[in-house]
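These notes concern the structure reproduced below.
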Amino acid sequence: MCVYRGIQMYLATGSKNRETDTMMSLLGPRDVDTGEVFVNFNQNITSLAVATSGSYSLYSLSSVDSTLDKIYNTKSDDLFLIERLFESSLVAIVSQRAPRKLKVCHFKKQSEICNYSYSNTILAVKLNRERLIVCLEESLYIHNIQDMKVVHTIRDTPCNQLGLCALSSSSEHCYLAYPGSVTAGEVQIFDAINLHAKTMIPAHDTPLAAIAFSPSGTEIATASERGTVIRVFSSQDGSRLFELRRGLKRCVSIVSLSFSTCAEYLVSSSNTETVHIFRLDRSAAENNDHGKQSSDDWMGYSFFRFLSKTVTSYLPTQVTDVFSQGRAFASVTLPEAGVRRMCAITTIQKQLRLLIASQDGYLYVYSIPSIEGAECQLLKRHDLRLDDSYAMDVKVDSHHASGLNSNVCIGGAAGVPSAAAAAAAAAAAAGDGKANEKPGSSSSGGANAGASYASAVKGDEPAGGSSSST
């Protein structure tokens, strides 16, 4: 009997360890050796960044129903982080060869604007028009994106091995969110403009797995490691707005959580093959709070609500919570489980679309039904790993065929960094536990370069004026 129990414990422990390893591989960097690709949408879901072995590309999503237009492609080190700033020419990249170094590049000029080195591996980078956030395991660096100077450092944060953090894309509500605990699902909201803690939200009993801001920054969605319930809170006062149930049967690892660009939907993906779409009906929530229901739906909704209230008054709190939680408005079942997928909902050519970019190299495009419970229809599947000559109607811009010039710094001549810039680069490579500023270095043309950089952030004018035009 003891031997039998020992075998059972061994099998259970082994299964749990294998499950943990699977979760870590889903949430961690891509595995280049297995052909995985890095995929990431920009802040307003107008472009997609894709990194394959030895190169990275940027795609426009304006006509993704039929074709995937390539904006840019270049050879590079294997990258595990790419963030593009809205529709501007600025991209922030981190390579697997130098995981402690952040490079900010102007892809149209094929030039590096500046780079920063940190004391530890960079786990996440987030951008908006005001701030650039660099997340390390136990600290967060906040940069002013206009000149890339470090304006604040949040040190000694709870251990954050997966680099879980979120930055609102809104300049008006420029909030940063990160885990406030390693044992519970607490979310710390930080005002990234005024540089102070705003509120702490006790979102879940178990540690966080995913967080995401709404486009306006006024709401934040959270999911825990258990993965069965998704909650939406006000980022300003921490009040709970929605509670959504992803499932009852099993605990899963939520990999992606995203509001739609219209803020009316929330989409989540996990280590399973199912993607869930939730509708955030704020008008219905307000009506429910005030008890306002039309006579037409009384026999339907109101009677069920009355019945559920009567029944749940005799049930435990855990059971009554299930009755009050929202269910998925629609869902999509994909061919395979265990694949990391980034999801987004946006309007393309006046039609609402669900976009699913997977780490195995595909971009799926679905229509979203107007009726609850109806199926999402697959409109297109793009293969992100194909060469330009075979990729589905991908347009190739010959002007951007050459590789990234990694020797250009702000204030330095194209391809010939100044002595001061070279010294700064050497200091950055040494790594002293602080971010090393290169935008403010005393190299030639610093003022013009700074103005040009600021223009590129706004999307008005390319940065790196010393480089040749494309």
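Because the structure is predicted, anything quoted here is derived from the model rather than measured. In what follows, residues are counted from 1 in the order of the sequence shown.
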Side chains of [X] and [Y] in contact at under 4.5 Å (non-hydrogen atoms):
{"X": "Leu136", "Y": "Ile122", "value": "yes"}
{"X": "Val50", "Y": "Tyr59", "value": "yes"}
{"X": "Asn271", "Y": "Val339", "value": "no"}
{"X": "Asn115", "Y": "Leu102", "value": "no"}
{"X": "Ser234", "Y": "Ser239", "value": "yes"}
{"X": "Ser358", "Y": "Arg340", "value": "no"}
{"X": "Leu123", "Y": "Leu162", "value": "no"}
{"X": "Met148", "Y": "Tyr116", "value": "yes"}

Tell me yes or no: between the side chains of [X] and [Y], is some donor less than 3.5 Å from an acceptor?
{"X": "Ser66", "Y": "Ser63", "answer": "no"}
{"X": "Ser168", "Y": "Ser170", "answer": "no"}
{"X": "Asn40", "Y": "Glu83", "answer": "yes"}
{"X": "Asn73", "Y": "Ser57", "answer": "yes"}

Is the backbone of [Y] close enough, under 3.5 Å, to the side chain of [X] for a donor and an acceptor to pair up by distance?
{"X": "Ser139", "Y": "Arg155", "result": "no"}
{"X": "Asn144", "Y": "Val151", "result": "no"}
{"X": "Glu219", "Y": "Ser235", "result": "no"}
{"X": "Ser269", "Y": "Arg341", "result": "yes"}
{"X": "Glu87", "Y": "Thr46", "result": "no"}
{"X": "Ser181", "Y": "Ala184", "result": "yes"}
{"X": "Thr347", "Y": "Gln351", "result": "no"}
{"X": "Glu130", "Y": "Ala192", "result": "no"}
{"X": "Glu36", "Y": "Asp360", "result": "no"}
{"X": "Ser224", "Y": "Arg226", "result": "yes"}

What pairs meet the ring pair (Phe, Tyr, Trp, His ring centres under 6.0 Å) rule with one or both residues in [range], with sequence neighbours excluded?
{"range": "residues 146-167", "value": "His152-Phe190"}
{"range": "residues 334-376", "value": "none"}
{"range": "residues 202-225", "value": "none"}

Reference residue Ile145; test side chain to side chain contact (heavy atoms under 4.5 Å, CB included); the match among Ile133, Leu85, Val104, Asn128: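 For Ile145, the side chain to side chain contact (heavy atoms under 4.5 Å, CB included) test succeeds with only one of Ile133, Leu85, Val104, Asn128, which is Leu85.
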What distance do [X] atom [atom1] and [Y] atom [atom2] have between them, rounded to the nearest 0.5 Å?
{"X": "Arg385", "Y": "Ser53", "atom1": "CZ", "atom2": "OG", "value": "13.0 Å"}
{"X": "Ser169", "Y": "Phe259", "atom1": "OG", "atom2": "CZ", "value": "11.0 Å"}
{"X": "Met342", "Y": "Leu257", "atom1": "CE", "atom2": "CG", "value": "10.0 Å"}
{"X": "Cys343", "Y": "Leu266", "atom1": "SG", "atom2": "CG", "value": "10.5 Å"}
{"X": "Asp191", "Y": "Thr199", "atom1": "CG", "atom2": "OG1", "value": "12.0 Å"}
{"X": "Leu48", "Y": "Leu363", "atom1": "CG", "atom2": "CG", "value": "6.0 Å"}

Please name all residues satisfying ring pair (Phe, Tyr, Trp, His ring centres under 6.0 Å) with Phe233, sequence neighbours left out, ordered by chain then number.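 For Phe233 there are no ring pair (Phe, Tyr, Trp, His ring centres under 6.0 Å) partners, ignoring immediate neighbours.
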Look at atom CG of Asp205 and say whether more than 12 heavy atoms of other residues, nucleotides or ligands are closer to it than 6.0 Å.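 Not more than 12 within 6.0 Å, no.
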With side chain to side chain donor-acceptor pair (under 3.5 Å) as the criterion, how do Thr222 and Arg231 come out once you've worked through the C-alpha distance, each side chain's angles and the decisive distance to 0.1 Å? CA-CA 5 Å; Thr222 66; Arg231 296 188 173 106; over 6 Å; no
Step by step, would you call Arg353 with Ser367 a side chain to side chain contact (heavy atoms under 4.5 Å, CB included)? CA-CA 5 Å; Arg353 294 289 182 256; Ser367 63; 3.7 Å; yes
Stepwise salt bridge (charged side-chain N to carboxylate O under 4.0 Å, His left out) check, Asp78 with Arg97: CA-CA 7 Å; Asp78 289 334; Arg97 178 179 295 181; over 6 Å; no
Considering all heavy atoms, the nearest [X]-[Y] contact:
{"X": "Glu137", "Y": "Gln161", "result": "OE2-CG, 3.8 Å"}
{"X": "Lys198", "Y": "Gln188", "result": "N-NE2, 4.2 Å"}
{"X": "Ile254", "Y": "Ala223", "result": "CG1-CB, 3.8 Å"}
{"X": "Cys135", "Y": "Leu140", "result": "CB-CD2, 3.6 Å"}
{"X": "Asn42", "Y": "Ile45", "result": "OD1-N, 3.1 Å"}
{"X": "Gly361", "Y": "Asp383", "result": "O-OD1, 3.4 Å"}

Return the set of residues passing salt bridge (charged side-chain N to carboxylate O under 4.0 Å, His left out) with Arg240 (not counting sequence neighbours), or none when no residue passes.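 Partners of Arg240 by the salt bridge (charged side-chain N to carboxylate O under 4.0 Å, His left out) criterion, ordered by chain and then number, come out as Glu243.
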How far apart are the C-alpha atoms of Asp281 and Arg279, what are their side-chain angles, what is the distance that settles it, and do they pass the salt bridge (charged side-chain N to carboxylate O under 4.0 Å, His left out) test? CA-CA 6 Å; Asp281 193 344; Arg279 188 170 186 175; 5.4 Å; no
Check step by step if side chain to side chain contact (heavy atoms under 4.5 Å, CB included) holds for Leu244 and Val229. CA-CA 6 Å; Leu244 312 165; Val229 174; over 6 Å; no
Does Arg84 form a side chain to side chain contact (heavy atoms under 4.5 Å, CB included) with Leu58? I'd like the steps, not just the answer. CA-CA 9 Å; Arg84 183 186 181 191; Leu58 300 174; 4.3 Å; yes
Give a yes or no on whether the ring-centroid distance for Phe278 and Phe329 is below 6.0 angstrom.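 Aromatic pair excluded; centres sit 6.0 Å or further apart.
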Worked verdict on Leu79 versus Val94 for side chain to side chain contact (heavy atoms under 4.5 Å, CB included): CA-CA 6 Å; Leu79 305 180; Val94 181; over 6 Å; no
For residues 171-180, which side-chain N or O atoms pair as donor and acceptor with protein atoms under 3.5 Å away, sequence neighbours left out?
{"residue": "His173", "atom": "ND1", "partner": "Ser216", "partner atom": "O", "Å": "3.1"}
{"residue": "His173", "atom": "NE2", "partner": "Gln236", "partner atom": "NE2", "Å": "3.4"}

